[in-house]
Amino acid sequence: MCAVQKAGVRSRRRPVLAVSAAVGCAAFLGVSCLAWSADFPLGSTAGHVVVDDASGEVESQDNEHLKFRAASVVKLLIALDHLERLDPDVPITEDDRLLLQPMLRSSNDDVATALWAEGGGVEIIERAVDKIGLSDTEPPPAGQETTWGYTRMSASDVAATYRYIRHGADPRTRDFMLENLRRHTACAADGFDQSFGLPSAAPEVGAVKQGWSGFGASPASGRRCNGSDDPARTGELLADLAGQAVRAPAPVDDVPAAADDVPAAAEQAADPNTTRRAMHTTGIVDDKIVVLLTLQPDGTTWQTAADAVSERTGELLQS
């Protein structure tokens with residue numbers, strides 16, 4: 001391992017990024033190799049930012065412009081785009097509420113896939129980049145355009161998205177987004193426990209959007225959450241949308257390249273940002289926006305990653 005800090009990285013605590021010797025200090029996206037204070041698995045990669053929401057002042061940051069596959073964090077952009085394409089002078093309809101609730105509260109993938117198709121897929125990301133002024137956000141790569149979770153975002157851009165929700169979006173959109181993000185459920189629609197990170201480290205946390213990818217379609221066993229005030233109606237709305245649009249056969253953000261697409265498969269296999277397990281925690285605590293994006297080594301268990309992300313989040317809150 002090496003211990004050379006990347007130029008320009010600033011934090012009030014000691015540097016926190018570690019990359020295994022097998023990966024090498026510069027092999028993964030050109031980042032340097034630093035020492036974790038939290039007990040992350042060897043070979044983990046991370047970027048974080050803590051921002052004072054009122055002033056916009058950055059209180060702590062490290063690899064804040066490093067691009068990670070966003071996984072379900074991109075649902076912030078999907079929801080924003082859908083709401084801002086509605087008539088701002090008309091109240092949000094009950095049908096729209098019942099679609100967006102489970103996606104924002106319980107990270108429902110089916111809703112994200114339906115709204116991704118309805119909104120034009122990569123056009124959602126292009127509109128967000130232009131409107132919010134995101135500098136590090138990119139749509140999924142060629143050949144993976146239907147896989148919304150392959151969108152790339154940095155910690156800095158996720159924080160900018162929260163600031164836009166708070167200060168740039170129209171009041172109707174702002175209030176709806178924040179209300180439902182505050183009502184995040186302990187378990188996700190796919191059965192995973194999404195209480196790692198901010199909900200674990202700060203029980204008083206407000207708005208939260210978690211993200212993960214690479215841990216499988218569902219846990220071996222677990223609770224099921226829907227997050228909708230009317231799950232049956234939400235199911236009907238999804239069925240209607242499925243009949244109106246051509247949808248990807250596998251909506252989750254762990255879709256591999258097609259077996260007969262050899263160049264795409266080879267490129268994807270060579271990209272650790274696509275293949276390694278991702279776990280992200282993002283949200284608002286008091287007046288602070290906290291974003292921690294991580295990639296975990298192959299084989300890292302859910303609980304190992306969750307414990308490490310929660311511990312590191314606690315350190316960031318104390319910095």
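Computed from heavy atoms alone, side chains included, the values below leave out hydrogens, waters and symmetry copies. Note that this is a predicted model, so its numbers are computed, not measured.
Contact between Ala46 and Leu292 at its shortest, heavy atoms only, is CB-CD1, 4.3 Å. Closest heavy-atom contact between Leu316 and Ser60: CD2-OG, 4.4 Å. Smallest separation of non-hydrogen atoms from Ala201 and Ser310: CB-O, 3.8 Å. Val51 and Ala159 get closest at one heavy-atom pair: CG2-CB, 4.1 Å. Between Pro297 and Gly43, the closest heavy-atom pair is CG-C, 3.8 Å. Contact between Gly197 and Thr313 at its shortest, heavy atoms only, is CA-OG1, 3.7 Å.
Side chains of Asp109 and Ser72 form a contact here, defined as non-hydrogen atoms less than 4.5 Å apart. Counting only heavy atoms from C-beta outward, the side chains of Ile289 and Val50 never approach each other to under 4.5 Å. Considering only heavy atoms from C-beta on, Leu104 comes within 4.5 Å of Phe176 through its side chain. The shortest distance between side-chain heavy atoms of Leu100 and Met103 falls below 4.5 Å. Val285 has its side chain within reach of Leu317: a pair of non-hydrogen atoms, C-beta onward, lies under 4.5 Å apart. Side-chain atoms of Leu76 and Val74, non-hydrogen and from C-beta on, never get closer than 4.5 Å to each other. Within the 4.5 Å cutoff, side-chain heavy atoms of Asp157 are placed close to those of Ser135. Within the 4.5 Å cutoff, the side chain of Thr234 has heavy atoms near those of the Leu98 side chain.
Interatomic distance, Ser106 OG to Arg183 CZ, rounded to the nearest 0.5 Å: 10.5 Å. We find the CG-CG distance between Leu83 and Leu115 to be 9.0 Å, quoted to the nearest 0.5 Å. Remark: Tyr164 OH to Met177 CE distance equals 10.0 Å, nearest 0.5 Å.
Between Glu118 and Arg85, at least one side-chain N (NZ, or NE/NH1/NH2) sits under 4.0 Å from a carboxylate O, which counts as a salt bridge. Look at Asp89 and Arg172 and you find no salt bridge, because none of the NZ, NE, NH1 or NH2 atoms lies under 4.0 Å from a carboxylate O. A salt bridge links Glu84 with Lys131; the closest basic N to acidic carboxylate O contact falls under 4.0 Å. Look at Lys288 and Asp53 and you find no salt bridge, because none of the NZ, NE, NH1 or NH2 atoms lies under 4.0 Å from a carboxylate O. Contact check on Arg182 versus Glu179 returns no salt bridge, with no Lys/Arg side-chain nitrogen under 4.0 Å from an Asp/Glu carboxylate oxygen.
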For this session: Test side chain to side chain contact (heavy atoms under 4.5 Å, CB included) on Leu293 and His48 and set out the steps.
Result: CA-CA 6 Å; Leu293 310 180; His48 84 264; over 6 Å; no
For this session: Start with the C-alpha gap between Asp136 and His65, add the side-chain angles, then the distance that decides, and say whether side chain to side chain donor-acceptor pair (under 3.5 Å) holds.
Result: CA-CA 6 Å; Asp136 306 315; His65 294 293; 2.7 Å; yes
For this session: Evaluate side chain to side chain contact (heavy atoms under 4.5 Å, CB included) for Thr151 paired with Ile124, printing each intermediate quantity in order.
Result: CA-CA 11 Å; Thr151 299; Ile124 293 173; over 6 Å; no
Problem set entry | Step-by-step side chain to side chain donor-acceptor pair (under 3.5 Å) determination, Ser55 to Asp52 | CA-CA 6 Å; Ser55 66; Asp52 180 275; 2.9 Å; yes
For this session: Could you walk me through whether Asp229 and Arg105 pass the salt bridge (Lys or Arg N to Asp or Glu O under 4.0 Å) test, one step at a time?
Result: CA-CA 11 Å; Asp229 289 343; Arg105 300 176 189 178; 3.2 Å; yes
For this session: In sequence, state the C-alpha distance, the side-chain angles, and the governing distance for Arg166 and Ile284, and then conclude on side chain to side chain contact (heavy atoms under 4.5 Å, CB included).
Result: CA-CA 10 Å; Arg166 291 285 298 269; Ile284 302 172; 3.6 Å; yes
For this session: Could you check Thr282 against Gln210 for side chain to side chain contact (heavy atoms under 4.5 Å, CB included), going step by step and ending with a plain yes or no?
Result: CA-CA 6 Å; Thr282 78; Gln210 310 283 61; 5.5 Å; no
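Exactly one residue among Lys67, Arg69, Arg152 makes a salt bridge (Lys or Arg N to Asp or Glu O under 4.0 Å) with Glu138. That residue is Lys67.
Judged by distance alone, the side chains of Thr93 and Asp96 do bring a donor and an acceptor atom under 3.5 Å apart. A donor and an acceptor atom, one from each side chain of Ser200 and Ser195, are nowhere located under 3.5 Å apart. Remark: the Lys75 side chain and the Ser107 side chain contain an N/O donor-acceptor pair separated by less than 3.5 Å. Between the side chains of Asp170 and Thr173, at least one donor-acceptor pair of N or O atoms lies under 3.5 Å.
Listed by first and then second residue, the ring pair (Phe, Tyr, Trp, His ring centres under 6.0 Å) pairs that reach into residues 298-319 are Phe192-Trp302, Phe196-Trp302, Trp212-Trp302, Phe215-Trp302, sequence neighbours excluded. Sequence neighbours left out, not one pair with a member in residues 75-105 passes ring pair (Phe, Tyr, Trp, His ring centres under 6.0 Å).
With hydrogens and angles disregarded, no donor-acceptor distance shorter than 3.5 Å links the side chain of Asn63 to the backbone of Leu66. Between the Thr185 side chain and the Ala188 main chain, no donor and acceptor come within less than 3.5 Å of each other. Proximity of a side-chain donor or acceptor of Arg277 to a complementary backbone N or O of Gly214 within less than 3.5 Å is detected. Side-chain atoms of Thr137 do not come within 3.5 Å of backbone N or O of Leu134 as any donor-acceptor pair. Formation of a donor-acceptor pair under 3.5 Å by the Arg233 side chain with backbone atoms of Asp95 is not found in this model. Listed for the Asp81 side chain is no donor-acceptor partner under 3.5 Å among the backbone atoms of Leu77.
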